[in-house]
Amino acid sequence: MESANPLPADRRAPAPVRLPEAAPGYRAILAAHEAALARGDSGYRDPFTGLFVMTAGYLWSRGTCCEAGCRHCPYLDR
């Protein structure tokens, strides 16, 4: 996931429209996301649904928003 343009710190957390702080499991989801970012993984398994979720770092490395509604899209306004 190495990128010439690293993910800005303010783009690590998901936009509230994609994952509100009141969402069940919010803290566990953020922990799974941060662990995946630290390992350099492109994504992680959601701790509740088991679905694969792409990290903000991976999405940032793609260079543009794909308009697919990604949970950790770093291109959304915060």
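Counting begins at 1 with the first residue of the sequence. Every heavy atom of this structure was used, including side-chain atoms; hydrogens, water molecules and symmetry mates were not.
- Clustering ILVMFWY residues whenever any of their side-chain heavy atoms sit less than 4.5 angstrom apart, transitively, puts Leu19 in the very cluster that holds Val53.
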- Derivation and outcome, side-chain contact (heavy atoms from CB on, under 4.5 Å), residues Tyr75 and Cys70: CA-CA 10 Å; Tyr75 299 101; Cys70 301; over 6 Å; no
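- The minimum heavy-atom distance linking Pro74 with Leu7 is given by the pair CB-CD1, 3.9 Å.
- Judged as a salt bridge (Lys or Arg N to Asp or Glu O under 4.0 Å), the pairs with a partner in residues 43-59 (not counting sequence neighbours) are, in order, Asp46-Arg71.
- Residues meeting the ring pair (Phe, Tyr, Trp, His ring centres under 6.0 Å) test with Phe48, sequence neighbours left out: none.
- Leu30 and Leu37 fall into different hydrophobic clusters, where Ile, Leu, Val, Met, Phe, Trp and Tyr side chains are chained together by heavy-atom contacts under 4.5 Å.
- As a member of the Ile/Leu/Val/Met/Phe/Trp/Tyr network built from side-chain separations under 4.5 Å, Leu51 groups with nothing else and remains a singleton.
- What you find for Thr55 and Gly43 is that their closest heavy atoms are CG2-CA, 3.7 Å.
- Among the candidates Tyr58, Trp60, Tyr44, the single residue satisfying the side chain to side chain donor-acceptor pair (under 3.5 Å) test with His72 is Tyr44.
- Tyr26 and Val17 fall into different hydrophobic clusters, where Ile, Leu, Val, Met, Phe, Trp and Tyr residues are linked whenever their side-chain heavy atoms come under 4.5 Å apart, directly or through other members.
- In terms of modelled atom types and a separation under 3.5 Å, the side chain of Arg11 and the main chain of Leu76 share a donor-acceptor contact.
- Rounding to the nearest 0.5 Å gives a distance of 8.0 Å between SG of Cys73 and CD of Glu67.
- Note that CE of Met54 and NE2 of His33 are 10.5 Å apart. Values are rounded to the nearest 0.5 Å.
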